[in-house]
4 protein chains.
Amino acid sequence: MPRLDATASGVYVIAPTPFTEAGALDLASTDRMVDAYLAAGASGLTILGIMGEAPKLDAAEALAFTGQVLKRVAGRVPVVVGVSSPGFASMKALARGAMEAGAAGVMIAPPPGLRGDDAVVAYIAQAAEAVGDAPYVLQDYPQATGIFMSAEMIRRMAENPRLVMLKAEDNPGLDKLTALRRMTAEGRMRRIAILGGNGGQFLVEELQRGADGIMTGYAVPEMLDRVCRLVSAGDHAAAHDLFDLHLPLIRYELQPVLGLAVRKHVLARRGIIASAALRAPGPKLTPETRAEVDALYDRLAAREPVLTR
Amino acid sequence: MPRLDATASGVYVIAPTPFTEAGALDLASTDRMVDAYLAAGASGLTILGIMGEAPKLDAAEALAFTGQVLKRVAGRVPVVVGVSSPGFASMKALARGAMEAGAAGVMIAPPPGLRGDDAVVAYIAQAAEAVGDAPYVLQDYPQATGIFMSAEMIRRMAENPRLVMLKAEDNPGLDKLTALRRMTAEGRMRRIAILGGNGGQFLVEELQRGADGIMTGYAVPEMLDRVCRLVSAGDHAAAHDLFDLHLPLIRYELQPVLGLAVRKHVLARRGIIASAALRAPGPKLTPETRAEVDALYDRLAAREPVLTR
Amino acid sequence: MPRLDATASGVYVIAPTPFTEAGALDLASTDRMVDAYLAAGASGLTILGIMGEAPKLDAAEALAFTGQVLKRVAGRVPVVVGVSSPGFASMKALARGAMEAGAAGVMIAPPPGLRGDDAVVAYIAQAAEAVGDAPYVLQDYPQATGIFMSAEMIRRMAENPRLVMLKAEDNPGLDKLTALRRMTAEGRMRRIAILGGNGGQFLVEELQRGADGIMTGYAVPEMLDRVCRLVSAGDHAAAHDLFDLHLPLIRYELQPVLGLAVRKHVLARRGIIASAALRAPGPKLTPETRAEVDALYDRLAAREPVLTR
Amino acid sequence: MPRLDATASGVYVIAPTPFTEAGALDLASTDRMVDAYLAAGASGLTILGIMGEAPKLDAAEALAFTGQVLKRVAGRVPVVVGVSSPGFASMKALARGAMEAGAAGVMIAPPPGLRGDDAVVAYIAQAAEAVGDAPYVLQDYPQATGIFMSAEMIRRMAENPRLVMLKAEDNPGLDKLTALRRMTAEGRMRRIAILGGNGGQFLVEELQRGADGIMTGYAVPEMLDRVCRLVSAGDHAAAHDLFDLHLPLIRYELQPVLGLAVRKHVLARRGIIASAALRAPGPKLTPETRAEVDALYDRLAAREPVLTR
């Protein structure tokens, strides 16, 4: 199996965990979802992430879901597995299990409550130990963790060669991206892969600031890949045009609390997963909200040639 | 002077406080800003709001700025003055000062730290006492205050007839808007004015859910008024089209920390205020960020007939 | 096995999870700890609580530890098992496993992020479903959960007869305790068991306000039982005298971050557990801190006849 | 007037702001309070602190209160004035006003929301500019500000010679105190005065770790001074004995929300201030709570020769 390295780029789609209406793991939808993401141009997949429903899975389910995804992917693209955990013992077990099952790397975020820059850097060093020899993605997502990481802190953490990728979703975060790339250009920091995030809302700007791609779960990932290619090709105007078509739906998906339910509703409507259900406790969309999502999707589909459904 | 009442509607523009590069109040820019907002179709103005730089003004400056705005407005539209304050003594003084100077009403948000629904309702009842006989706007903005207000809590608070308007910017908040309007339709709640917020990002949906308009500081308020009119006229497709043109800039303005600086940059670029400076401590935009804002604005101006500059 | 009911009283000791220096479960220490708590007068035990290291155990370890405790207790006192969990599926599995293994009841706390009183009440109703027919303890601990529960909310939740006990550790919380007991005295609320908490720091006052005992992990639980008896006997002066002897150590144990490590240090020093180690990530006491704990303990032991060691 | 310098030591009493029952400034009580604090052995006073009711004063009241305190103190001890403020403009005005009125120095805490160590250090550098040439106290109080400051950060900030004192009330904070003193002993950090805080609950340990005294508002400051002297004299056992007598009341005063009301109740009962009233919004003690405070005070007074009342 390929291992993640610092040359990674493109779109890493964050996959939700599909459930049946009754709340069981839906492995048939899992296969269909993997196929859809690869068809949409995914360069990689990320599972069991911080915003998914990973904490609602028991250990056996997490293993079963990971196994199903990896089997279906069959080595075609790298799969990153989130292993954030309250203790290093369980992080170690998760990371080993994921790597043995064929994951390309793991993803780590610092937990809430660390006090001061040095405590964050030390935590990540310990986590790097815990995940054995796995390559890892550092997730910079202070909105969820409450932990700020400056460009300088990330530079220090990147001294570990197994830190191969940054998932950059601080907000505001564009100037940090520029600062990181500048340090690399000036020879002060090892070059690592940087993928944007934040639901995709700053995709074009992130790429222009030096990101190598994006890691997000936006329900129409076909766009993400095409925007990456347009920016690569220097066609920034076309990139903006395409991105802007999707922004109304992206914006709606970004609502706190409801976001994942909106995303699953679109995936279900597109026929990618069978049910939009979240495991309890979780929000259910009201009829009014479902109607708004549907209207946004219809509006998008009418203008976006990729979406013929 | 007109007093705010529950029939209010349209666009209430939240005005920033213009400063010179040296950090002094800029009263000439204040006049120009007032004129620009009224020309843009503002139905009202809001000053000294929760996201502005009101806490950086001393009492004399707050008074001078309020006076200048009210004088320039000269009764043409209602002006709402934010009076949130750590103590009721100062809230009382601020409210009296504002109303005597000609404000149409005041705006109140619950402070962080209130414990439980009843404590919030009780706080607002005490604040209503503190502001004397002024009509007041209740600001529902949990992202800043940490205080959640359910539709039922708002119904209870609206039993006070001086609560004439809700600034609805919970996120997610659209279903709450629907719930409030449903209670009124069913005769269980007095009808109050509801204006949306959240930087304008859900303008069309808010109007469709029953909002009477919006209160926000988006730097191109011309759009807000036109979208309100299009939705009123039932032309939802045109409303979406116009809104979507502006969404890329709205999104950029919504960035935490940087938002107000972005907004002032656009206002300065439009010639409405002389300087984009914030009072210290406050962020300064990097050259990269300024270039992005300019590019977004240029892109918008090329498609938006209102912006000939 | 006895099931917890609303007549419970006395001292429920919250047990830490003993580990070896290498981080493995220490089942021999577990037995010794159970014996020591029962010898100290515990009326019950609580395991896998919110402040312990439960999240650092994997599912098999949690089961093994629970089994060991229940086997050693052998029905002599009720054992309460914490089952708070991000999803109801895992809460259900944990509760069933615990009850089948012989637990007397389970303990539930609302998770962070619930919005408004009704959402909290609804969550607890759903959790009550998830734990099947198990009697449950409601943990009121806003310092950790961020969720406030008023006396009125607790009254509503107590309409479910399986809610048999409240672990009352809001701070300030004494007036809430009085309010709850008053509602019961006035016939407006079912009588439930109320145990105090907060590390024991308000033990005497809690009992005087109507608590039936206390649930805490203070490292010298012998005192807790004797104070409960003294207050029961009406000897408040003696209760205060005894309590005050322990307060300097209680206070030191209450330090955030370090508290559990201090507690384990005392338990290890008393020969109750073999190692004071916490699982990583977790604090290690500095030599200075260990010396302070030792000095406080020595000072206490010199005056407290129970501690001959 | 004496200026604060790094040789400061002893007890700096944090003074509340006395109000009449009607909520007006009570200047007669202010005088009596100043006299009582000086009689109790205060080496200095601190006013308009972070936990007081300073934000509930308008600018004129803050000035009047400061003036009254300074006039009554008449240069006998240094007076520190809190100048934390949302903007540097007002901080500057406050600091200038205080120093011109005769304050010995000002106190600054970093505001919530700063991101990363460097942002905190930069903020304090800007604040140091804003307060002109005033000596300043750095308040390290993360429980209120959410801002963590490591020993190394404090070392960096102490490179400014006008930073003459640290108010050390992180919790846990004792090891940080040791780390700071160690850096000074090793010649890596300028020696500054360090006073403990946290309501006095770690007074003896703070002194033993190298603090020069304490800055707190405990309602029986007579004890603080005597404990400082006992520790200075090497009589640690007597220091502990005296401290332990007071700990039950200190603990009760430490309750969130209620703390200041408890403190004012004791001061009123001691005849030091006329009314225990807080300005609205603020808690009122219930009869049950007042009775508990009175009982704790009576118990203390029966054993503490200083309190003959």
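Hydrogens, waters and symmetry mates are skipped; everything else that's a heavy atom, side chains included, is used. Residue numbering restarts at 1 for every chain, and letters A, B, ... go by the order of the sequence lines.
Taking all atoms of both residues into account, the shortest heavy-atom contact from D/K56 to B/P86 is CG-O, 4.0 Å. The two atoms that bring B/Y123 and D/P281 nearest to each other are CE1-CG, 3.9 Å, heavy atoms only.
Within a 6.0 Å sphere centred on CD of D/E129, heavy atoms belonging to other residues, nucleotides or ligands number 12 at most.
Rounding to the nearest 0.5 Å gives a distance of 8.5 Å between OG of B/S90 and CD of D/E61.
In this structure, no portion of D/A59 lies under 4.5 Å from any heavy atom of chain B.
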